[in-house]
Structures are given as structure tokens and as C-alpha cells.
Engineer: 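Let me give you the structure first, and then I'll get to my questions.
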Amino acid sequence: MEPRLVMVSGGARGLGAAIVRRCLADGHRVSVGARRPEAVAETFGSTVHAAFFDGTEPNSADSWVAAVARDLGPPDTLINNAGILRMVDFGQGGEAELDEMWEVNVKAPFRLIRAALPHLKASGRGRVINIASTDGKRYRGAAAPLGYVLTKHALVALTHAVRHQGWDEGLRGTAICPGAIDTEMIADLPGATPKDQRLPPDAVAEIVALLLKLPNQASVPEIVANTRLESAL
Ligand SMILES: NC(=O)c1ccc[n+]([C@@H]2O[C@H](COP(=O)([O-])OP(=O)(O)OC[C@H]3O[C@@H](n4cnc5c(N)ncnc54)[C@H](OP(=O)(O)O)[C@@H]3O)[C@@H](O)[C@H]2O)c1
């Protein structure tokens, strides 16, 4: 497997950190975009390139991509992992929380893809992996806040746009749609899948590792890894 230069948003903790560890173990070079780049150094030392990236600050998408190209060379892989969950439904939450989720979960990946696209296409083997959710595949009721569900559906749509817009240049995109993952995000979430039934972050990182091994001829638009038994998912 030819090593990659992988950008991981929100890679200092949670699922992102598991993905970074797995990428390093597989011999890839990694840049993490994080609100606190110093947290990346605390976790990974100097093995990982760190740059400022905040999903609510539009310019930070361009500046992170530029920093990677300057310091490491053109990236061939972008993993949109950073995401937030806010309790927004018809009966709870407000515009501010809804807007924040759109910013971080949808607009930030859009901006990162837009900024990285020339590099990803030029590599001839570019990859975009978007960490969506089973909540990006269906609405299962009030236990999953509607605002979050909307943003994850949009992230799946964004993934399909990537596939179409970079196909001839070897760019492939995948939306990974996991059920509950055992991270801080859902530690206190009422009605979440019981802890012993949640996906370990390393299991999702394993899916990423598989995707990064595949040739252009194996396009994988979506991978659902459900923790629940549901029809069709
Ligand atoms: N946990 C689940 O059950 C589950 C299930 C399916 C999908 N997912 C998705 O998996 C992804 C990773 O989530 P997780 O479970 O690892 O959650 P987490 O432990 O809460 O981590 C969230 C990550 O996103 C980063 N982040 C949050 N707001 C940001 C912002 N404004 N700008 C840049 N980075 C920001 C955080 O960085 P800081 O350290 O700066 O806060 C952190 O690295 C998310 O997209 C989430 O929606 C999670």
C-alpha cells in the first residue's frame, strides 16, 4: 500500500484520535486540524502535523490546507471527522444551536473539500471520507435530535457530490455511517445505545483503514455500521 498524506479534522480526541493512531500504524503521514493544535502535540508528540482548524471559522479551512501543502506537500486524503451534536428538535433548542451544527457538520466539510480538491484531484488517487452517522440514513424518532439528523443527511449528500465531481481524476468519496460510538459525544445523551453495545472508536478506524487500502477501481459510496437491528440498515 502506497502511504498517504491524510488530513483528519478533530483528530486530537474521540473517534478522530483513533483514526489518527490507525493511520500512523499503517504508515501514513497525518495532519490534524484542531481548535487547539497544542492538544494534538500533547496526544501524538511530533509524529503528527498539527494546524489550527475551527469549523466555525471559514478561513481556517483554507489556511489548514495551505499549511499542509507548505509543510508536508499536497494532501491526497481528507477525513472530515469533526462534528457536534446539539439538542435541536421542533420542541427544543434554537436557531443558534442549529446554525452551529450546520457550520461544523456540513459547511466546514464543504469548505475543506473545496480547498483540498485541486490537491486531491492532482494526486490521481484522492480520497474524501466523511464521518456521517446512521442518523444520516434515516430518521428513527425523537431519540436522535432532528437538527443533527438533518446535518448528517446533508453530509451524505456532500459525499455523493464529491464522487461525481472528482471521478475522472481518481477521487473517491465515502460516507461512513456508524451507529453509537463510545466517545464523549454521547456519554450523557439520554436514550443513547447502552455503553456495552456502542462501537469502539477503533472499529470505525478499522473501516477507515480498509477504505484507504482500496484502489480507485473499488469505489465505496457508503458504509453503514449499525449498533441496532433495523430493517434495511
Ligand atoms: N459518538 C457517536 O455516537 C457518533 C456516532 C456516529 C457518528 N459520529 C460522528 O463522529 C465524529 C466524531 O465524533 P466523536 O464521537 O469523536 O465526538 P467527540 O468525542 O465529541 O469529538 C468531537 C471532535 O470534533 C471536534 N470539534 C468539535 N467542534 C469543532 C469545531 N468547531 N471545529 C473543529 N473541530 C471541532 C472536537 O475537537 P475539540 O477537542 O476542539 O472539541 C473533537 O475532536 C463526529 O462527526 C460525529 O458526529 C459520532
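First listed ligand is number 1; within each ligand, the first listed atom is number 1. A quick note: this is a predicted structure, and the numbers were derived from the prediction, not measured. When a residue number appears, it is its place in the shown sequence, counting from 1.
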Engineer: For the side chain of Arg163 and the backbone of Thr159, is there at least one donor-acceptor N/O pair under 3.5 Å apart?
Structural biologist: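 No; judged by distance alone, with no hydrogens or angles, the pair does not exist.
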
Engineer: Measuring from non-hydrogen atoms of Glu100 to any atom of ligand 1, is the shortest distance under 4.0 Å?
Structural biologist: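 The answer is no: ligand 1 sits nowhere under 4.0 Å from a heavy atom of Glu100.
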
Engineer: Are any of the side-chain nitrogens in Arg138 or Glu230 under 4.0 Å away from the carboxylate oxygens of its partner?
Structural biologist: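 Result for this pair is yes, salt bridge flagged.
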
Engineer: Can Arg172 be said to sit on top of Trp167's aromatic six-ring, NZ or CZ under 6.0 Å from centre and within 45° of the ring axis?
Structural biologist: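 Judged by the rule, Arg172 and Trp167 form a cation-pi pair.
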
Engineer: Which of the atoms of ligand 1 are close to Pro178, meaning less than 4.0 Å from one of its heavy atoms?
Structural biologist: 6 (C)

Engineer: Can you confirm, on distance only, whether ligand 1 has an N/O atom lying under 3.5 Å from any N/O atom belonging to Asp54?
Structural biologist: yes

Engineer: Donor-acceptor check, side chain of Arg198 to backbone of Thr193, threshold 3.5 angstrom: yes or no?
Structural biologist: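 Side chain of Arg198 to backbone of Thr193: a pair is present.
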
Engineer: Based purely on interatomic distance, does Ile181 place a nitrogen or oxygen under 3.5 Å from a nitrogen or oxygen of ligand 1?
Structural biologist: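 Right, the criterion is met.
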
Engineer: Short list, please: which atoms of ligand 1 are under 4.0 Å from a heavy atom of Ile131?
Structural biologist: 9 (C), 10 (O), 11 (C), 45 (O)

Engineer: Identify, by atom number and element, the atoms of ligand 1 in contact range of Gly179, meaning under 4.0 Å from any of its heavy atoms.
Structural biologist: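 Ligand 1 atoms under the 4.0 Å threshold to Gly179: 5 (C), 6 (C).
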
Engineer: Any N or O of Gly55 that comes nearer than 3.5 Å to an N or O of ligand 1?
Structural biologist: yes

Engineer: Could you tell me the residue and atom name of the protein heavy atom closest to atom 17 (O) of ligand 1, and the distance to it rounded to 0.1 Å?
Structural biologist: Met185 CB, 3.4 Å

Engineer: Against ligand 1, does Ser9 come closer than 4.0 Å with any heavy atom?
Structural biologist: no

Engineer: So, is Arg36 polar-close to ligand 1, with some N/O to N/O distance under 3.5 Å?
Structural biologist: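 No: no nitrogen or oxygen of Arg36 is under 3.5 Å from one in ligand 1.
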
Engineer: Please determine if Gly10 has a nitrogen or oxygen closer than 3.5 Å to a nitrogen or oxygen of ligand 1.
Structural biologist: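 N/O-N/O distance under 3.5 Å: yes.
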
Engineer: Would a distance-only check, ignoring hydrogens and angles, find a side-chain to backbone donor-acceptor pair under 3.5 Å from Ser60 to Asp54?
Structural biologist: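 Checking the backbone N and O of Asp54 against the side chain of Ser60, a donor-acceptor pair under 3.5 Å is found.
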
Engineer: Measuring from atom 22 (C) of ligand 1, which candidate in Gly14, Ala82, Ala18, Gly83 has the nearest non-hydrogen atom?
Structural biologist: Gly83

Engineer: What protein heavy atom lies closest to atom 7 (C) of ligand 1? Include the residue and the distance to one decimal.
Structural biologist: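 Ranked first by proximity to atom 7 (C) of ligand 1 is Ala132 O, 3.1 Å.
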
Engineer: Would you say CZ of Phe52 has more than 12 non-hydrogen atoms from neighbouring residues, nucleotides or ligands within 6.0 angstrom?
Structural biologist: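 For Phe52, atom CZ is crowded (more than 12 foreign heavy atoms under 6.0 Å).
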
Engineer: If hydrogens are left out, which of Asn81, Ile176, Ile84 has an atom nearest to atom 11 (C) of ligand 1, that is, the closest non-hydrogen atom?
Structural biologist: Asn81

Engineer: Does the side chain of Arg127 come under 3.5 Å of the side chain of Asn216 through a donor N or O and an acceptor N or O?
Structural biologist: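 Note: Arg127 and Asn216 side chains meet the donor-acceptor criterion.
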
